[in-house]
Amino acid sequence: MDIFEDNRANVLKKEAPLAARMRPASLKEWVGQEHIIGKNTLLYRAIIADRVSSLVLYGPPGTGKTTLARIIANSTQSVFMQINATAAGIKDIQRAIEDAKSTLALYSKRTILFVDEIHRFNKLQQDAMLPYVEDGTLILIGATTENPYFEVNKALVSRSMVFELYPLTQENISALLTRAVEDKEKGLGYLPLHIEDEALAFLADRANGDARTALNALELAALTTQPNNDGKIIVDLEVAAACIQKRALRYEKNGDNHYDTISAFIKSMRGSDPDAAVYYLARMLYAGEDPKFIARRIVICAAEDVGNADPHALMVAMAAAQAVDFIGLPEGRIPLSQAAIYIACAPKSNASDGAILRAMNDVATIPIKSIPNHLRDPGKKGSSTLGHGDGYQYAHSFPGHYVDQAYLPDELADKVYYQPTENGVEKKIGESLRKLRPGRNYD
């Protein structure tokens with residue numbers, strides 16, 4: 001490091017945001033993630049023994065992925081290199097590989113390469129690292145907010161240990177905030193600062209598991225609040241609320257939380273919990289989810305999980321989808337809420353879904369010679385000479401508008417695909433079918 005780089009590092013150390021200054025530098029300073037970095041865990045022992053192998057750190061922002069990589073850097077005798085996949089290209093990877101080869105050949109030292117945002121690398125870039133991870137030239141530490149089993153090269157993942165970092169608890173973040181207030185060297189301890197317990201709890205809660213969000217809000221509060229008559233800077237609830245006005249939701253439209261939230265929304269409607277359904281709907285709308293995507297999922301749920309137990313559910317869902325398309329947001333939240341609540345409260349049946357799945361399976365596996373002759377179309381040219389349509393009985397010409405005749409192919413005679421439940425309207429449908437076709441088992 002030359003004199004200019006050294007000076008830049010010293011300036012950044014003093015002027016960096018509080019969240020950067022307060023990064024733990026060792027395992028002793030680490031807070032949270034006890035499931036992977038608590039004492040006597042595999043990763044903890046590996047860091048202490050300087051025996052870290054290739055690994056992928058996966059979790060939402062602000063949970064300590066980069067910090068953990070830096071702790072490993074401070075604990076290892078290996079050469080540590082860092083690149084960010086948002087800015088690095090294939091040449092940067094190749095340069096790191098060549099440096100690692102030279103270090104191993106000249107000094108018998110291995111190289112740890114930390115790749116932040118590794119999911120940003122394309123397949124070619126990830127493939128470039130694979131042979132050198134495999135032969136041990138590089139120890140790869142990848143950090144990602146996306147599920148590595150989907151976004152990272154499978155070969156790289158198979159050669160790495162994957163550790164999932166969870167959102168920090170409110171207690172974890174409270175501890176970090178308290179440390180920042182008291183630390184005179186890296187934190188805000190040089191200020192006559194006092195944060196009230198209520199404000200501390202508020203920041204820890206509103207950060208929603210993201211330490212960076214909480215520390216940024218604390219720093220903003222401390223640096224923008226005027227001292228009182230006693231010369232103290234008091235961060236109370238009102239000040240804290242002004243500095244973190246909106247809960248920081250972990251929600252990326254292409255990320256895991258997107259799929260987790262929509263899954264919870266659908267399962268809540270299916271499980272007949274309107275309160276949970278409305279909560280997850282609000283969560284998606286709050287995070288900026290496309291309302292048309294939400295509407296489509298409501299329509300699917302209406303058909304798949306309510307079906308004929310309440311045929312109006314699909315009508316309500318389709319009306320909501322059309323309403324959202326017509327009026328947009330924010331008012332579109334109302335028909336979406338109405339539809340989600342209706343479907344959650346409706347009687348449930350997946351009999352329609354089961355029927356089509358069973359029928360499609362038979363289409364794929366059971367050979368059928370032909371559609372019954374009396375059901376075939378007699379209007380096509382030459383059809384009448386082949387007897388198409390002969391013997392067909394028109395249902396409306398019979399009492400009750402029903403006549404007992406075969407509709408399924410001979411190979412599927414008396415086959416039952418639709419098995420109505422005892423819920424809602426479907427109970428009456430089942431009773432009617434059993435009267436019309438007593439030879440089939442609709443139970």
Side-chain angles (χ1 to χ4, degrees), residues 60-61 119 144-151 208 246-361 363-364 417-421 423-426 429:
H119 61 277
T144 176
T145 56
E146 303 295 331
N147 190 327
Y149 294 102
F150 293 118
E151 301 297 336
N208 212 35
K246 186 174 180 179
R247 179 181 291 272
L249 282 182
R250 300 182 305 278
Y251 193 98
E252 297 83 28
K253 291 185 182 179
N254 295 316
D256 281 353
N257 204 260
H258 160 86
Y259 296 108
D260 289 345
T261 307
I262 194 65
S263 174
F265 176 58
I266 293 166
K267 289 171 181 173
S268 297
M269 289 190 291
R270 180 184 298 142
S272 301
D273 190 332
D275 302 302
V278 168
Y279 168 75
Y280 290 115
L281 171 62
R283 188 178 180 91
M284 289 186 288
L285 292 173
Y286 190 91
E289 181 59 84
D290 181 357
K292 293 181 181 179
F293 168 78
I294 300 172
R296 287 194 295 269
R297 304 310 301 180
I298 293 175
V299 170
I300 293 169
C301 190
E304 181 180 8
D305 295 305
V306 177
N308 288 331
D310 184 350
H312 289 103
L314 185 57
M315 298 168 60
V316 171
M318 283 301 300
Q322 292 175 337
V324 167
D325 189 44
F326 181 62
I327 64 178
L329 292 177
E331 291 85 355
R333 71 185 186 279
I334 304 170
L336 287 175
S337 177
Q338 179 186 353
I341 290 170
Y342 189 97
I343 290 167
C345 295
K348 301 298 188 296
S349 170
N350 65 346
S352 297
D353 185 31
I356 189 62
L357 288 176
R358 286 188 286 272
M360 291 184 73
N361 180 68
V363 168
Y417 295 111
Y418 178 49
Q419 297 173 329
T421 69
N423 296 335
V425 175
E426 210 161 46
I429 294 174

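One is the number of the first residue; the rest follow in order along the sequence.
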query = Would R297 and I300 count as a side chain to side chain contact (heavy atoms under 4.5 Å, CB included) if you check the C-alpha gap in whole Å, the side-chain angles of each, and the deciding distance to 0.1 Å?
reply = CA-CA 5 Å; R297 304 310 301 180; I300 293 169; 3.5 Å; yes
request  = Grab the two heavy atoms, one from P291 and one from L336, that are nearest each other, plus how far apart they are.
outcome  = CB-CD1, 4.1 Å
key: Distance-minimising heavy-atom pair for V306 and P347   = CG1-O, 3.4 Å
message = Nearest 0.5 Å, please: how far is OG1 in T261 from CD in E289?
response = 8.5 Å
request  = Working to the nearest 0.5 Å, report the span between CD1 of I356 and OH of Y417.
outcome  = 9.5 Å
message = For the NE2 atom of H119 and the CD atom of E151, what is their distance to the nearest 0.5 Å?
response = 7.0 Å
query = Of the non-hydrogen atoms in A339 and A320, which two are nearest, and what is the gap between them?
reply = CB-CB, 3.6 Å
query = Taking it one step at a time, do F265 and I298 satisfy side chain to side chain contact (heavy atoms under 4.5 Å, CB included)?
reply = CA-CA 9 Å; F265 176 58; I298 293 175; 3.7 Å; yes
ask   = What are the two closest heavy atoms between A313 and Y342, and how far apart are they?
value = CA-CE2, 3.7 Å
request  = Output the distance between atom OH (Y279) and atom CG (D273), rounded to the nearest 0.5 Å.
outcome  = 13.0 Å
message = Show me the pairs that pass salt bridge (charged side-chain N to carboxylate O under 4.0 Å, His left out) and involve residues 327-345, at least two apart or across chains.
response = none
key: Pair N147-Y259, side chain to side chain contact (heavy atoms under 4.5 Å, CB included): steps then yes or no   = CA-CA 11 Å; N147 190 327; Y259 296 108; over 6 Å; no
task = To the nearest 0.5 Å, tell me how far I266 CD1 sits from I294 CD1.
result = 10.5 Å
task = Quick one: closest heavy-atom pair of Y418 and A351, and the distance?
result = CE1-CB, 3.6 Å
query = Side-chain contact, heavy-atom cut-off 4.5 Å: N308 with S352?
reply = yes
request  = Indicate the atoms forming the closest heavy-atom contact of S337 with V278, along with that distance.
outcome  = OG-CG2, 4.1 Å
key: More than 12 heavy atoms from other groups under 6.0 Å of CD on E304   = yes
inquiry  = Show me the pairs that pass salt bridge (charged side-chain N to carboxylate O under 4.0 Å, His left out) and involve residues 305-327, at least two apart or across chains.
reply    = R270-D305, K292-D325
request  = Measure the shortest side-chain to side-chain distance between I343 and V316 over non-hydrogen atoms and say whether it is less than 4.5 angstrom.
outcome  = no
query = Rounded to the nearest 0.5 Å, how far does CD of Q419 lie from CG of N350?
reply = 10.5 Å
task = Taking K348 for its side chain and A346 for its backbone only, find out whether a donor-acceptor pair lies under 3.5 Å.
result = yes
